[in-house]
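Basis for what follows: all heavy atoms, side chains included, without hydrogens, waters or symmetry-related copies. Small disclaimer: the values here were computed from a predicted structure and weren't measured. Throughout, residue positions are numbered sequentially from 1 according to the sequence presented.
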Amino acid sequence: MRDLGLMGESAFTFWCAEAGLIPNGSQVDRTGWDFLVEFPFFTEVSPHNIHKAALECKVQVKATDHNKRKLSISLSNLRRLITAQLPSFFVFIEFDGKASAERVFVVHVDKELISKVLRRLHQLEQSETNNNFNKRTMTVHYNDTHLLKKANGENLKKCLLNYIGNDISEYIETKRSHLKSTGYEDGVGNFTFTTEGEEDLKTLIDISLGIKDQVSISKLKGFHTRFGIPSKLPFIDTKNGTLEMPDIQPTATGIIRFKINKLTTGLSFEAKLYNSALNAMIPDELKKLRVEGDFFDFQLNPFTKSASYSFSFEEDSKLEIHKFRNALRLLELLSSSGEKIFAEFIFDGLPKLDFHVGCSNNEFHFSNELIILDNAIK
């Protein structure tokens with residue numbers, strides 16, 4: 001009876017010898033790999049590469065008489081291959097019932113495969129089902145993109161080097177980094193909590209916009225997540241607490257422009273737009289945006305068309321002289337008219353938003369300062 005396993009290993013060993021590679025066979029068939037393949041040192045030695053280690057990789061050889069182009073492999077073996085620091089490969093050899101290999105396919109254990117296996121492992125680990133990885137399998141597919149042009153040592157070596165590169169330490173570092181980071185693209189944790197009443201919810205929205213500092217919450221639970229799958233047990237579970245969101249960053253930057261009417265040039269100021277992440281899950285009447293500048297702060301709801309705004313200078317405020325002059329001009333405009341002025345938000349990547357700002361008949365207390373700034377600019 002044909003021993004396809006031995007035939008595949010023998011063929012692979014022959015190709016390695018043909019290419020000057022050293023195939024060290026695994027002594028125990030539970031390691032996830034059949035051969036640790038060692039490459040010779042590069043012949044040219046210079047001060048820039050004399051410290052570099054010789055290349056190595058792990059290879060699992062699979063021989064078959066079929067051409068289904070897929071194979072189920074135990075998760076325990078896959079876990080060993082994807083977490084190994086060295087480059088890892090599957091070499092699929094199709095014999096088609098003949099004595100010699102007809103086709104050879106080389107599948108690199110790349111970032112995509114690593115992520116798929118880690119996701120499956122994490123999914124099973126956090127489920128209520130039996131997570132015995134030795135009895136669980138995952139299908140590895142291969143196709144003509146993995147096919148060697150010819151089944152020989154030269155093509156095998158060239159293919160392996162194409163994936164590994166010429167610096168094993170650089171490869172290892174890239175793989176290690178991917179192993180640590182994959183699955184965390186959308187965050188590392190998931191929190192659930194409760195706020196009491198609409199006022200606390202409004203405070204929470206203000207915190208998400210950087211307006212307020214903290215809010216009281218209850219029934220707080222936190223779960224580690226990876227690939228969007230939460231862990232079975234929370235890492236934090238408490239009845240009461242205080243929620244803060246430090247270092248809130250703007251959603252976009254742009255300008256806000258104030259005009260007496262749509263035909264005038266107006267006064268333009270740099271601004272930051274904050275869009276609450278809670279807007280996607282709260283009623284329209286509570287949704288809120290914030291636009292902040294050096295001396296102004298707008299809070300508005302695009303659905304109810306309600307807005308509040310404030311203008312102020314801190315005692316130690318500093319602005320470039322023309323920006324300071326324009327700021328006082330705006331305050332003069334807002335203070336000296338009982339009408340509404342036209343305003344528009346222009347932010348990168350977002351549609352322009354138009355609205356009106358109501359003016360008051362308050363006294364303007366900075367006439368002398370405005371004259372001084374006009375003269376200074378002249």
Side-chain angles (χ1 to χ4, degrees), residues 1-16 23 25-26 28-37 57-84 86-125 127 129-153 155-164 175 178-179 182-183 227 229:
M1 186 176 182
R2 287 159 59 87
D3 189 335
L4 277 173
L6 183 58
M7 290 173 64
E9 292 179 4
S10 298
F12 181 79
T13 301
F14 174 79
W15 295 326
C16 286
S26 172
V28 181
D29 191 21
R30 293 194 301 269
T31 58
W33 53 273
D34 297 312
F35 294 97
L36 174 62
V37 179
C57 66
K58 291 184 175 182
V59 176
Q60 186 169 102
V61 177
K62 297 294 183 181
T64 178
D65 276 330
H66 307 289
N67 57 0
K68 295 179 180 179
R69 306 290 165 87
K70 62 181 181 179
L71 189 69
S72 294
I73 299 173
S74 72
L75 280 174
S76 56
N77 279 356
L78 281 170
R79 186 183 184 187
R80 285 185 174 275
L81 280 178
I82 67 164
T83 57
L86 292 177
S88 300
F89 297 89
F90 290 101
V91 173
F92 297 99
I93 306 174
E94 293 181 352
F95 283 92
D96 291 354
K98 300 178 181 178
S100 59
E102 292 295 303
R103 289 170 298 277
V104 181
F105 302 81
V106 177
V107 176
H108 178 219
V109 179
D110 58 7
K111 290 181 179 180
E112 182 180 358
L113 183 56
I114 288 172
S115 297
K116 284 182 179 179
V117 176
L118 285 180
R119 178 184 176 85
R120 181 62 176 150
L121 291 169
H122 181 56
Q123 191 176 40
L124 287 172
E125 186 65 32
S127 70
T129 58
N130 182 6
N131 58 10
N132 187 338
F133 299 146
N134 288 318
K135 296 182 179 180
R136 296 276 184 166
T137 63
M138 188 170 174
T139 302
V140 176
H141 297 264
Y142 59 97
N143 53 49
D144 287 344
T145 63
H146 305 106
L147 179 65
L148 294 185
K149 291 181 179 179
K150 189 176 180 181
N152 59 32
N155 283 314
L156 175 65
K157 181 179 179 180
K158 186 184 297 184
C159 179
L160 297 178
L161 286 175
N162 183 55
Y163 289 112
I164 301 172
K175 185 175 182 179
H178 181 71
L179 281 164
T182 184
F227 300 103
I229 303 168

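- Of all heavy-atom pairs between Tyr142 and Lys70, the closest is CE2-N, 3.5 Å.
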(request) Could you check Leu113 against Phe90 for side chain to side chain contact (heavy atoms under 4.5 Å, CB included), going step by step and ending with a plain yes or no? (result) CA-CA 12 Å; Leu113 183 56; Phe90 290 101; 4.3 Å; yes
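- Taking the six-membered ring for Trp, Phe35 and Phe12 have ring centres closer than 6.0 Å.
- The distance from the CG atom of Leu124 to the CG atom of Leu75 is 6.5 Å, given to the nearest 0.5 Å.
- Nearest heavy-atom pair, Arg79 versus Leu121, reported as atom, atom and distance to 0.1 Å: CG-CD1, 3.8 Å.
- Among all heavy-atom pairs drawn from Ile93 and Trp15, the shortest one is CD1-CZ3, 3.7 Å.
- Between the side chain of Lys175 and the main chain of Ala84, a donor-acceptor pair closer than 3.5 Å is present.
- In this structure, CD on Glu9 lies 9.5 Å from NZ on Lys62, to the nearest 0.5 angstrom.
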(message) As a quick check of understanding, evaluate side chain to side chain contact (heavy atoms under 4.5 Å, CB included) for Val106 and His146, giving each step before the final call.
(response) CA-CA 5 Å; Val106 177; His146 305 106; 5.6 Å; no
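- No side-chain N or O of Thr137 forms a donor-acceptor pair with one of Ser74 less than 3.5 Å apart.
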(request) Under the side chain to side chain contact (heavy atoms under 4.5 Å, CB included) rule, what do Leu78 and Val140 come out as? Steps first, then yes or no, please. (result) CA-CA 10 Å; Leu78 281 170; Val140 176; 4.1 Å; yes
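- Taking the six-membered ring for Trp and the full ring otherwise, the centers of Phe92 and Phe105 sit at least 6.0 Å from each other.
- His178 and Ser115 share a side-chain donor-acceptor pair at under 3.5 Å.
- Closest heavy-atom contact between Gly25 and Trp33: C-CZ3, 4.5 Å.
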(request) In sequence, state the C-alpha distance, the side-chain angles, and the governing distance for Leu36 and Leu86, and then conclude on side chain to side chain contact (heavy atoms under 4.5 Å, CB included). (result) CA-CA 9 Å; Leu36 174 62; Leu86 292 177; 3.6 Å; yes
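- With respect to Asp34 and Lys58, no salt bridge is recorded, no charged nitrogen being found less than 4.0 Å from a carboxylate O.
- Looking at Phe89 and Ile164, their side chains come closer than 4.5 Å, going by heavy atoms from C-beta outward.
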(request) Given salt bridge (Lys or Arg N to Asp or Glu O under 4.0 Å), test Asp144 with Arg69 step by step and report yes or no. (result) CA-CA 9 Å; Asp144 287 344; Arg69 306 290 165 87; 3.2 Å; yes
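- Taken from SG in Cys159 to CG in Leu148, the straight-line distance is 5.5 Å, to the nearest 0.5 Å.
- Between Gly8 and Ala63, the shortest heavy-atom distance links the atoms CA-CB, 3.9 Å.
- Heavy atoms from other residues, nucleotides or ligands lying under 6.0 Å from CZ of Phe227 number more than 12.
- Between Cys57 and Val37 the shortest side-chain heavy-atom distance falls below 4.5 Å.
- The line from CG of Leu71 to OG1 of Thr64 is 7.5 Å long, rounded to the nearest 0.5 Å.
- Put simply, NZ on Lys150 and CG on Leu156 are 14.0 Å apart, with the number rounded to the nearest 0.5 Å.
- Distance check: Thr182 OG1 to Ile82 CD1 gives 9.5 Å after rounding to the nearest 0.5 Å.
- A salt bridge is defined here as a Lys NZ or Arg NE, NH1 or NH2 lying under 4.0 Å from an Asp or Glu carboxylate O, and Arg103 with Asp96 meets this definition.
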